[in-house]
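For reference, the structure discussed in these notes is given below.
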Amino acid sequence: MSCTFDIGDETIWGPVNSVAHIFLGTVKTFSEEYGVPSGFGDDLMGMVEINPNEFAVFVQRVLAERAQSLHLYKSMMLDGVLPILVALADRGRLEVAGRSPEENAYLEEVRARKLPMLAPSE
């Protein structure tokens with residue numbers, strides 16, 4: 001089984017359920033820690049709707065936290081999810097731009113990986 005992540009009528013990602021649950025749990029933790037809504041709706045029978053405006057703000061906040069982090073383990077945890085967030089934002093054609101040299105370098109590195117964010121039909 002897989003879960004779909006949608007912006008409007010477009011499915012931008014379709015991971016297996018276990019990956020989706022781990023990802024959403026981590027996103028929820030970041031959202032609570034940073035006091036910013038993630039833009040991810042509830043998992044409704046394997047479908048998650050993304051609010052594009054909230055999501056873009058959330059990704060910018062997580063990116064800023066990663067760029068400013070001097071804590072090894074915090075950086076490692078952010079690195080586990082932030083590349084996925086950036087790839088989802090890019091796939092959803094949302095604006096995520098670096099606001100500092102550190103953020104720009106991180107985005108350049110992540111985007112160079114070209115993570116395949118496959119939807120269920122791909």
Side-chain angles (χ1 to χ4, degrees):
M1 291 287 302
S2 66
C3 183
T4 62
F5 288 78
D6 303 324
I7 294 178
D9 293 333
E10 184 178 2
T11 297
I12 61 170
W13 192 30
V16 297
N17 285 337
S18 61
V19 171
H21 292 146
I22 292 167
F23 174 75
L24 287 171
T26 306
V27 164
K28 180 180 178 185
T29 300
F30 289 167
S31 177
E32 291 170 355
E33 179 67 23
Y34 303 135
V36 178
S38 68
F40 289 96
D42 293 329
D43 181 349
L44 303 173
M45 296 174 50
M47 295 181 292
V48 178
E49 185 65 33
I50 300 171
N51 175 311
N53 297 323
E54 288 182 355
F55 181 59
V57 170
F58 177 72
V59 176
Q60 286 290 163
R61 177 60 190 271
V62 176
L63 176 62
E65 288 290 334
R66 174 57 182 90
Q68 297 168 14
S69 177
L70 299 175
H71 194 283
L72 174 64
Y73 297 115
K74 178 181 177 182
S75 295
M76 290 171 65
M77 286 185 268
L78 291 168
D79 286 343
V81 174
L82 186 53
I84 298 168
L85 294 173
V86 171
L88 289 173
D90 288 350
R91 185 159 180 148
R93 293 177 296 283
L94 303 177
E95 180 70 26
V96 175
R99 296 178 180 162
S100 71
E102 295 82 9
E103 290 181 18
N104 285 326
Y106 191 89
L107 287 172
E108 185 177 318
E109 177 188 325
V110 165
R111 287 176 171 146
R113 293 182 204 168
K114 298 184 180 177
L115 293 177
M117 302 304 294
L118 301 178
S121 61
E122 297 179 276

Let me know which of Glu103, Arg99, Glu102, Gln68 forms a side chain to side chain contact (heavy atoms under 4.5 Å, CB included) with Leu63.
-> Glu103
Grab the two heavy atoms, one from Gly92 and one from Ile7, that are nearest each other, plus how far apart they are.
-> CA-CD1, 4.0 Å
From CG (Leu85) to CG (Asp90), nearest 0.5 Å | 11.0 Å
Between atom CG of Leu107 and atom CZ of Arg66, what is the distance when rounded to the nearest 0.5 Å?
-> 11.5 Å
Does a salt bridge link Lys74 with Glu65, judged by any charged N lying under 4.0 Å from a carboxylate O?
-> yes
Could you check if a side-chain atom of Phe55 sits within less than 4.5 angstrom of a side-chain atom of Val27, using non-hydrogen atoms only?
-> no
If you measure from OG on Ser69 to CE on Met76, what distance do you get to the nearest 0.5 Å?
-> 11.5 Å
Of all pairs that satisfy side-chain hydrogen bond (donor to acceptor under 3.5 Å, both in side chains), the ones with a partner from residues 43-59, not counting sequence neighbours | His21-Asp43
Compare every heavy atom of Pro15 with every heavy atom of Ala20, then report the nearest pair and how far apart it is.
-> CB-CG, 3.9 Å
Apply the test side-chain contact (heavy atoms from CB on, under 4.5 Å) to residues Val48 and Trp13: give CA-CA distance (whole Å), side-chain angles for both, the deciding distance (0.1 Å), then the verdict.
-> CA-CA 10 Å; Val48 178; Trp13 192 30; over 6 Å; no
If you group Ile, Leu, Val, Met, Phe, Trp and Tyr by side-chain heavy-atom gaps below 4.5 Å, do Val57 and Ile84 land in one group?
-> yes
Nearest heavy-atom neighbours spanning Arg111 and Val96 | NH2-O, 2.9 Å
Can you tell me if Ser31 uses its side chain to pair, donor with acceptor, with the backbone of Val36 under 3.5 Å?
-> yes
Which distance, rounded to the nearest 0.5 Å, do you find between the CE of Met45 and the OG1 of Thr4?
-> 11.0 Å
Residues forming a ring pair (Phe, Tyr, Trp, His ring centres under 6.0 Å) with Phe30, sequence neighbours excluded = none
Enter the distance from Ile12:CD1 to Leu94:CG here, rounded to the nearest 0.5 Å.
-> 7.0 Å
For Thr29, side chain to side chain donor-acceptor pair (under 3.5 Å) partners two or more places apart | none
Side-chain (Arg61) to main-chain (Tyr34) donor-acceptor, under 3.5 angstrom = yes
If Ile, Leu, Val, Met, Phe, Trp and Tyr residues are connected whenever their side-chain heavy atoms lie under 4.5 Å apart, and connections chain through other members, are Leu115 and Leu82 in the same group?
-> yes
Flag yes if Val16 and Leu24 sit in one hydrophobic cluster, no otherwise; membership is Ile, Leu, Val, Met, Phe, Trp, Tyr, and two members link when side-chain heavy atoms are under 4.5 Å apart.
-> yes
Step-by-step side-chain contact (heavy atoms from CB on, under 4.5 Å) determination, Met47 to Cys3 | CA-CA 6 Å; Met47 295 181 292; Cys3 183; over 6 Å; no
Tell me whether the centres of the aromatic rings in Phe23 and Phe40 are closer together than 6.0 Å.
-> yes
